[in-house]
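Everything below concerns the one structure shown next.
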Amino acid sequence: MAIEMKNKVFSLETANTLYQMKVDEYGVLYHLWYGAKTGCCMDYRLDYPDVGFSGNIPEAGNCRTYSLDTLPLEYAASGVSDFRVPAISVTHADGSTALDLRFESARVVEGKYSIEGLPAVYADEKDAQTLEIVLKDVASELRVVLLYGVLAKEDVITRSVRVENRGDQEVVLDRVHSMCLDLPYGDWDWVHFHGRHTMERQVERLPIAHGIQESGSRRGTSSHQQNPTVLLCESDCTEQSGVCIGAALMYSGGFQAQVEKDQMEQVRLVMGIHPDTFAWTLAPGEHFNAPEVILSCSTQGLARLSQQFHHVIRHHVCRGEYQMSKRPVLINNWEATYFDFNEEKIYHIAKQAAELGIDMMVLDDGWFGKRDDDVSGLGDWFVNENKMKGGLKALIDRVNGLGMKFGIWFEPEMVSEDSDLYRAHPEWAIQVPGRAPARSRYQLVLDFSRPEVVDYLYERMSTILRENHIEYVKWDMNRSICDWYTATLPAARQKEMPHRYVLGLYALLERLTSEFPHVLFEGCSGGGGRFDAGMMYYCPQIWCSDDTDAFERTMIQYGTSFFYPISTVGSHVSAVPNHQTGRITSIDTRGVVAMAGSFGYELDLNRLSDEEKQAVAEQVKTYKKHQPLIYDGKYYRLTDPFAGELAAWQWTAQDGSEALVQGVVFRTRPNTLRRCLKLTGLEAGARYRVEGTEAVYTAEALMNGGILLPRTSGDNQPFTYHLVKEA
Ligand code: GLA
C-alpha cells in the first residue's frame, strides 16, 4: 500500500521516499516529512517554543507555545494567526478574510485522480493511488479538498486542490495555490530558472534567506522570464549526492512560486496560479480546481531527481501517438527564408533535405492571409494562394512525393489588427474599452475565455487539418498578455479571465489533439516562452528557444534538463553566422548540440558546401541510430556550462548496455594537458568499448579516472563517445 492512514497520520510511500502528514488534537493538519523513507512517524520533530507575537487558535486558550505561525502546516490559510505566505486566501460575503481550515475527513481511492478541464498526470489504476483530505473552515461551509496522487514506482507525488463552496453565499477566492510545503529543519538552497526571449531557463541557485524570495509570471503564460519549476536542495546537494525536492507546476498561464524562511528558520514553498492576475467567485454549490503540481524527491542528488521528472513527464504527462514513438527529423524554413518564400522555394529546400535523409518539411509563418511580414494577417487562417500557387495541397503532394511528411505553423491565439478576422470581430481581441491596448510584435491576443472564439479556431484549424495531409503542427504564441478585459464577465469577476483564457486554450488543444491523433503537435512561444508540463500534456515536444546558437544552447538546454525530458526539447541546426548571436560554429558542433533533443534543421541546405551536406547526412543517420538512447536513456549533466569551460552530458541505457557522451569544449588553451572528463552512471564492474576504436575501459576507470577529451584547436569544439558494453 502506497498510502497508509493510521491514527490520523497519513504516510505516502514511494519506492524511495516518504511524505507524511498528521492531524493534531485541534484538527490542524501538519506537514511532518518529505524525504528518505524513515519507517516511523516523524512527529517527534515537532517543537512548541514560546511563540511570542504569534497568536494562538481559540481552542489553545492561553497556551504560549501553540501557534499556527510556528508549526509546519500542510496547507496554510491566511487571516487566522499564521502570518507566513499563505497557500489560500479568500474573501467571504461579509468582506472578512479569515479562513481556519481543520480536518474533516480523508479517503483513499485506487488510481490517479484527474482534473476536469486541466492537464494532469495519468497512470493505470493499478499503478497509482489517490488520497483525498477534506479540510473545512471552522466558521463557514467552505471546504478545501487536498488531492495527492501517489505514483510509487516513479517516486512521484502529485498535488492539486479543489475548493468547494457548500454554503449559501458567494465566496471570492483570492489565491488558491496548488501546493504548500513546510520544511522545519535543514539548510536549504532554492533553484529557479529565469531568462528572457532567446535565453530561457538560466539556472540560479541561491541560499534561502530570511523573508520571501519569489519567481513567477504575470504574463498570462508560464513565460521565458521564469519557468514554473523550482528545486529545493540541501546546501550540500550535488548532481550525485544529497537531498533535493523538485516541484513542477502543470500550468501554462501566470504562476507564482514563493519560498519563505520564517522567524524559526523554517522554510515554506507555495506554488500555483499567480494571485496578482487571479480571483474567482464561487457561487453556492460551485467548486474550483487548482492546477496540478508534480513533486519528486531524491536523496541521491540532482541527476537522480531529473531522471525521475524525465520519466514521469515522458510516461505520465505526454500523450498521443508520438509520445513514445520515434519523431521525424524535420527541416523548418523559418531561419532559411523568414517571410520571403513561395511554393517553389519551399519545395527546393525540401528536395535537398529529402536527399540527406530528413523526414519532414515544416512550413513556418507566412503561408496564410496577408502575411508578408509580422504586421498583418494573424487570424486569417486561409492559405495565401498568391504566395502558394496551387494552395497547400499541391505543395504537400509534391513534398509527400519526395517521401517526406509535411508540417505547418499556426499561431491560433493571436490576431493582427490588419486582418479580416479583426475587422469582422474587433471584440474578440483582448483590450479594455476606452483604452488603447499594448501591442507586442504588432499583434493582439484573442479572448480565449469566449467559447465562440475557441470554436472559431477549432473550425479553421480542423478544416485545414482535415483537407490536407498535414502530419505536424507547430503551435506558436508570440506575446505576453496584458490589458485583461472580457465583455463576457461582470466587473467584479474580471480577474477570472486569465485562468479562463488558459482553460480555453486547453479546451482547444484537447479537441484538436484527440481529433487528429496522427498529427504531432509541437508547442512554441517565441521558442521556450511556454515550456511547461501543462503544454506537454498536449505537445510531446516544444521548441526550446529561438536562440539556435550552439554555444548558447548548451546553457539553455542544461537549464531545461533539470525537469524536462530530452524528447520534449525541440532543437535544430541552423545557419552560421548564427542569426541571434552572429557566432560561427562548425556544422559538427551544431549537430552535437541539436542532437540533445528532438532533432531538426532550420536553414537552406542548398547553401551548404558538399562537405557540410555530407556531414548533415551523417548526423541524420547518427541521430536516428541513437534516438532510443537519447529519449529513454538516463540523462546526466557532466559539467556546469555556466562555469565557462565546457558543456558535457551523457545518456546511459536503462540496462547499462551502452552510453553516449557528448559535449562542447568552449575554449582551446595553448600548451596544456587535454581535459579529462569523469563519466557517471555506468554499470559497475562492466567494461566499455569506445565505438570506432580499439579502446576498452572499465566503468570504474571512466567514472573515477575519466576519459581524455580530444586535443582541440579553436573554440566550441564538439566531442562524441559512444560506449558499448563488452559481452
Ligand atoms: C516565433 C517562433 C519561431 C518562428 C516565428 C515565426 O518566434 O519561435 O520559431 O516560428 O515565431 O513568426
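When a ligand or atom number is given, it counts from 1 through the structure's own listing order. Values in this document were obtained by computation on a predicted structure and should not be read as measured data.
The stretch residues 527-548 participates, sequence neighbours left out, in these salt bridge (Lys or Arg N to Asp or Glu O under 4.0 Å) pairs: Glu413-Arg530. For residues 567-588, every residue pair satisfying the salt bridge (Lys or Arg N to Asp or Glu O under 4.0 Å) rule, not counting sequence neighbours, is listed here: Asp549-Arg583, Glu552-Arg583.
Heavy atoms of His197 come nearer than 4.0 angstrom to ligand 1 in no pair at all.
Those atoms of ligand 1 with a heavy atom of Gly526 less than 4.0 angstrom away are 1 (C), 7 (O), 8 (O). Of all atoms in ligand 1, numbered sequentially from 1 with element shown, those under 4.0 Å from a heavy atom of Cys524 are 2 (C), 8 (O). Taking every non-hydrogen atom of Asn478 and a distance limit under 4.0 Å, the qualifying atoms of ligand 1 come out as 1 (C), 7 (O), 11 (O). Ligand-side atoms of ligand 1 in range of Asp546: 1 (C), 2 (C), 3 (C), 7 (O), 8 (O), 9 (O), range being under 4.0 angstrom from any heavy atom.
Within the 4.0 Å heavy-atom criterion, the part of Asp476 lying near ligand 1 is the side chain and not the backbone. Residue-level proximity to ligand 1 for Lys474 is carried by the side chain, the only part with a heavy atom below 4.0 angstrom. If you look at Arg441 next to ligand 1, the close heavy atoms, those under 4.0 Å, all belong to the side chain.
Checked by atom type and distance alone, the side chain of Asp365 never pairs as donor or acceptor with a backbone atom of Tyr338 at under 3.5 Å.
Each of Phe382, Phe410, Trp381, Phe339 was checked for a ring pair (Phe, Tyr, Trp, His ring centres under 6.0 Å) with Phe368, and the lone residue meeting it is Trp381. Each of Thr486, Leu446, Thr277, Val445 was compared with Tyr501 under the side-chain contact (heavy atoms from CB on, under 4.5 Å) criterion, and only Val445 meets it. Exactly one residue among Tyr623, Trp543, Tyr601 makes a ring pair (Phe, Tyr, Trp, His ring centres under 6.0 Å) with His572. That residue is Trp543.
Summary of contacts: the protein heavy atom closest to atom 12 (O) of ligand 1 is Asp365 OD2, 2.6 Å.
Note: Tyr456 and Trp428 meet the aromatic proximity criterion, with ring centroids under 6.0 Å apart.
Considering backbone and side-chain N/O atoms, Gly527 comes within less than 3.5 Å of an N/O atom of ligand 1.
Comparing Thr548, Asn332, Asp374, Asp364 against atom 4 (C) of ligand 1, the shortest heavy-atom distance belongs to Asp364. In this structure, of Tyr338, Trp334, Phe410, Trp543, the residue bringing a heavy atom nearest to atom 5 (C) of ligand 1 is Trp334.
Using a 4.0 Å cut-off between a side-chain N of Lys or Arg and a carboxylate O of Asp or Glu, Lys405 and Asp359 do not qualify as a salt bridge.
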